[in-house]
Undergrad: 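To start, I am sharing the structure in question, which I have written as structure tokens.
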There are 2 protein chains.
Amino acid sequence: MANIHDVSKAAGVSVSTVSRVLNNHPYVKKEKAEAVKKAIIETGYIPNINAVNLKKGKTHLVGIVLPFLDVPYFSQLVQGISQAASVHQYKLVLYQTGYDEHQEKEALEMLKLKQIDSLIICSRKISLETVEHYQQYGSIVLFENGEDTPLSYTFIDHYACFMRALEYLYEHGHRKIGFSINRLDGANSSQRERAYRDFLKLKGLPFHKEYIFKKCLNIEDGERILREIAAFQERPTAILATSDQVAAGIITSSSKYALKVPHNLAVIGFDDQPIARAMQITSVNIPLYSIGQILFEQAIAEEISHKEVSTELMERSTV
Amino acid sequence: MANIHDVSKAAGVSVSTVSRVLNNHPYVKKEKAEAVKKAIIETGYIPNINAVNLKKGKTHLVGIVLPFLDVPYFSQLVQGISQAASVHQYKLVLYQTGYDEHQEKEALEMLKLKQIDSLIICSRKISLETVEHYQQYGSIVLFENGEDTPLSYTFIDHYACFMRALEYLYEHGHRKIGFSINRLDGANSSQRERAYRDFLKLKGLPFHKEYIFKKCLNIEDGERILREIAAFQERPTAILATSDQVAAGIITSSSKYALKVPHNLAVIGFDDQPIARAMQITSVNIPLYSIGQILFEQAIAEEISHKEVSTELMERSTV
DNA sequence: CTGTTAGCGCCTTCAC
DNA sequence: GTGAAGGCGCTAACAG
């Protein structure tokens with residue numbers, strides 16, 4: 001492996017000049033800069049990241065905190081993050097917490113110990129105060145509406161897009177609407193629930209506690225929903241699902257209960273995953289891949305920033 | 001951040017002694033070693049990985065080559081790898097190739113350029129010869145039966161476990177058995193196909209070309225299978241699915257075609273994912289999480305090794 | 001057994 | 001504009 005010395009020799013300049021062109025410093029004569037660039041190519045020089053990191057006191061590592069990886073929602077997010085990371089020559093450290101606060105804290109500690117430069121928290125259980133405490137050690141970015149937290153974050157307006165979907169169902173004549181969420185706590189879920197209650201009040205519709213289906217994440221949860229519904233005296237005519245997977249579970253098992261989608265039961269999914277397109281599920285598009293990229297950019301940015309990402313209702317054939 | 005000097009001062013020894021106890025070298029007097037350990041704790045010393053890496057010429061980074069991350073099969077594998085990596089203080093670099101040979105080659109190049117220490121190839125399209133060529137630059141491990149390749153690999157005997165599943169169906173009276181695969185090429189698929197043909201020959205059963213369903217990976221592919229089957233004059237009575245997702249798709253849409261599982265159609269999934277347990281799908285257990293851990297261990301090991309991992313047929317209620 | 005010391009490859013003042 | 005030189009934190013001869 002050629003090093004910066006080899007390049008300087010090949011270009012007939014000093015190592016500092018090479019270093020300058022490498023780091024785009026001004027004040028380098030054009031000819032010399034050209035010579036250096038040529039020498040870099042000739043020698044096949046690749047900077048030794050370890051040396052650069054040691055010198056600069058950075059690791060070029062960003063941590064990702066998420067509960068699990070084996071659900072499309074998170075793995076798509078990681079795809080986006082990972083793509084952006086490779087562009088910027090950063091590497092990733094995955095922290096799969098399973099929503100264990102202890103494990104979440106461990107990731108935060110890595111920041112303190114300078115094992116990673118920044119941390120992207122895709123979903124958390126640990127308190128915001130605890131997270132904020134660690135900001136002094138490195139940049140932390142959240143995938144949620146952090147409101148007035150001093151951390152960087154990117155978020156989608158779950159309240160608004162849930163409301164939008166509810167309105168859409170209302171326009172299509174639905175008055176008995178149910179919805180599913182995953183975690184009972186969690187910022188997103190509470191926003192959805194708030195939107196739901198506000199919506200009912202707005203339309204003067206009655207509240208049915210049993211129309212809220214909790215702990216829904218996967219296909220099988222969708223089936224569970226339908227099983228429960230089947231036993232209801234008064235069934236909802238539409239369901240806003242936690243994710244496209246849950247929606248798919250509802251739809252595929254609907255025929256088992258002699259329900260036709262959308263005729264007897266309308267379904268709206270979330271995330272607009274490939275499965276939604278394949279199954280023609282009406283879904284709220286959440287650009288997770290792009291969000292992942294944004295989160296990464298925020299993670300390595302100097303300044304803190306807040307970004308809202310917009311969603312879109314994809315009308316297909318399940319409403 | 002305290003460094004090795006601070007520790008040596010605090011312990012009243014030289015830096016090399018500190019380095020020695022850090023690296024578990026022999027020949028350090030017990031008292032001094034104790035003093036060093038105490039000093040390490042007192043000073044809150046954490047080794048600077050960049051410095052260690054620079055010195056040792058290693059990156060402590062391992063690359064992972066896989067086509068996509070958003071399918072449970074691969075993300076579970078990554079979970080295992082990631083878990084083992086964190087134990088050994090290694091970090092990951094994800095290369096999502098989408099089976100693009102160019103991208104696969106790029107990951108290999110990273111090895112050559114010393115950007116990563118080792119590479120784990122979970123699934124590939126690029127030729128084995130090309131991969132082998134890069135072995136000189138770092139350790140490469142495969143998740144497939146590499147037969148007599150000089151690379152390390154871990155594999156499961158797809159031929160045998162496919163045969164086992166076919167036998168199981170046969171024992172349950174099935175004579176018209178179909179199966180699905182994902183890629184047409186790919187080592188695993190061809191092994192499965194070979195097992196299938198051998199099985200038919202063994203039992204003196206006729207070969208139906210249309211009983212092989214290709215490009216199946218997800219739920220929706222399972223539905224597609226059933227749609228196709230519905231149009232057959234002579235339907236298979238059992239399906240060996242590519243994955244539990246495909247199996248789930250078959251099962252959930254079966255009622256649409258007035259088919260009862262397992263009465264009219266038996267289904268066996270692969271991987272034994274959570275969804276298989278949830279839906280009581282008979283499935284071939286493949287311990288992906290453990291396999292991920294093994295792959296990682298092989299990746300950082302000095303010697304090359306070959307490991308076979310056994311599978312298990314989980315009898316549930318879809319046969 | 002233990003301390004001294006020379007780099008690993010790079011960046012960055014500091015002089016010129 | 002440019003080069004020389006010090007040092008980031010650590011390891012591993014080498015010399016005792």
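Just so you know, these numbers use all the heavy atoms, side chains as well, and skip hydrogens, waters and symmetry mates. In what follows, every chain begins at residue 1, and chains take the letters A, B, ... in the order their sequences are listed. In this text the structure is predicted, and so the values were computed from the model without any measurement.
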Undergrad: Quick check: are there more than 12 heavy atoms from other residues, nucleotides or ligands sitting under 6.0 Å from NE2 of B:H88?
TA: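 Atom NE2 in B:H88 is crowded, with more than 12 foreign heavy atoms closer than 6.0 Å.
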Undergrad: How many Å lie between CD1 on B:I49 and C1' on D:dT11, as a whole number?
TA: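 About 15 Å, once rounded to whole Å.
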Undergrad: Under 4.5 Å between any side-chain heavy atoms of B:E104 and B:Y95, yes or no?
TA: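 The answer is no; the side chains never approach within 4.5 Å.
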Undergrad: Report which part of the nucleic acid A:N23 touches: base, sugar-phosphate, or nothing (heavy-atom distance under 4.0 Å, all strands).
TA: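 Counting heavy atoms under 4.0 Å across all strands, the contact made by A:N23 is with sugar-phosphate only.
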Undergrad: For A:S243 and A:D271, which heavy atoms make the closest approach, and how far apart are they?
TA: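 Smallest interatomic distance, heavy atoms only, reads CB-OD2, 4.1 Å.
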Undergrad: What is the distance from CD of A:Q89 to P of C:dC10, rounded to the nearest Å?
TA: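 These atoms are roughly 13 Å apart.
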Undergrad: Do A:I81 and A:L92 come close enough that some side-chain heavy atom pair is under 4.5 Å?
TA: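 In short, these two side chains touch, coming nearer than 4.5 Å.
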Undergrad: So which atom in B:V309 and which in B:I156 form the shortest heavy-atom distance, rounded to 0.1 Å?
TA: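 In terms of heavy atoms, the two residues are closest at O-CG2, 3.3 Å.
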Undergrad: Indicate yes or no: at least one non-hydrogen side-chain atom of B:F296 is less than 4.5 angstrom from one of B:Q83.
TA: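 SC-SC contact between B:F296 and B:Q83 ruled out.
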Undergrad: Applying the side-chain contact (heavy atoms from CB on, under 4.5 Å) test to A:I140, which of A:V131, A:I304, A:T149 qualifies?
TA: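 Testing each of A:V131, A:I304, A:T149 against A:I140, the sole residue satisfying side-chain contact (heavy atoms from CB on, under 4.5 Å) is A:V131.
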Undergrad: Before accepting this row, confirm whether a basic side-chain N of the pair A:R124/A:E101 lies closer than 4.0 Å to the acidic partner's carboxylate O.
TA: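 A:E101 and A:R124: not salt-bridged.
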Undergrad: If you assign A:L22 and B:S14 each to the DNA chain C nucleotide with the nearest heavy atom, which residue ends up on the more 5' nucleotide?
TA: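 Mapping each residue to its closest nucleotide by heavy atoms, the 5'-most match is B:S14.
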Undergrad: So, for B:Q293 and B:A84, which heavy atoms are closest and what is the spacing to 0.1 Å?
TA: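 Looks like CA-CB, 4.0 Å.
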Undergrad: Given atom CG of B:N53 and atom P of D:dC10, what is their separation to the nearest angstrom?
TA: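 B:N53 atom CG is separated from D:dC10 atom P by 12 Å.
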Undergrad: Write down the protein N/O and nucleotide N/O pairs, taken from nucleotides 13-15 of chain D, whose separation is under 3.5 Å; answer none if there are no such pairs.
TA:
none

Undergrad: Check residues 18-41 of chain A and write down every donor-acceptor pair under 3.5 Å in which the side-chain atom is one partner and the other belongs to a residue at least two apart or another chain.
TA:
residue	atom	partner	partner atom	Å
A:S19	OG	A:N23	ND2	3.4
A:N23	ND2	A:S19	O	2.7

Undergrad: Would you tabulate the pairs of protein nitrogen or oxygen atoms and nucleotide nitrogen or oxygen atoms of nucleotides 7-9 of chain D closer than 3.5 angstrom?
TA:
residue	atom	partner	partner atom	Å
D:dG7	N2	A:K55	NZ	2.8
D:dG7	N3	A:K55	NZ	3.4

Undergrad: What is the nucleic acid contact for A:T17, judged by heavy atoms within less than 4.0 Å: base, sugar-phosphate only, or nothing?
TA: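 Counting heavy atoms under 4.0 Å across all strands, the contact made by A:T17 is with sugar-phosphate only.
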Undergrad: List the steps and the verdict of side chain to side chain contact (heavy atoms under 4.5 Å, CB included) for B:S152 and B:S305.
TA: CA-CA 5 Å; B:S152 280; B:S305 62; 4.1 Å; yes
Undergrad: Examine the side chains of B:E109 and B:Y134 and answer whether a donor and an acceptor come within less than 3.5 Å of each other.
TA: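 Checked: B:E109/B:Y134 side chains pair up, N/O donor to acceptor below 3.5 Å.
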Undergrad: Can you pull out how bent the helix from C:dC1-D:dG16 to C:dC16-D:dG1 is, comparing the axes over its first five and last five pairs, to 10°?
TA: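 The end axes of the helix from C:dC1-D:dG16 to C:dC16-D:dG1 are about 40° apart, to the nearest 10°.
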Undergrad: Please work out which residues in residues 25-36 of chain B have a non-hydrogen atom less than 4.0 Å from an atom of DNA chain C and list them by number.
TA: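 B:Y27, B:V28, B:K29, B:K32, in order of number.
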Undergrad: Please tabulate, for side-chain N and O atoms in residues 53-75 of chain A, each donor-acceptor pair with protein atoms closer than 3.5 Å (sequence neighbours left out).
TA:
residue	atom	partner	partner atom	Å
A:N53	ND2	A:I49	O	3.3
A:N53	ND2	A:T59	O	3.2
A:K58	NZ	A:Y90	OH	2.9
A:T59	OG1	A:L61	N	3.2
A:T59	OG1	A:D117	N	3.3
A:T59	OG1	A:D117	OD1	2.9
A:H60	ND1	A:Q89	O	3.3
A:S75	OG	A:V71	O	3.4
A:S75	OG	A:P72	O	3.4

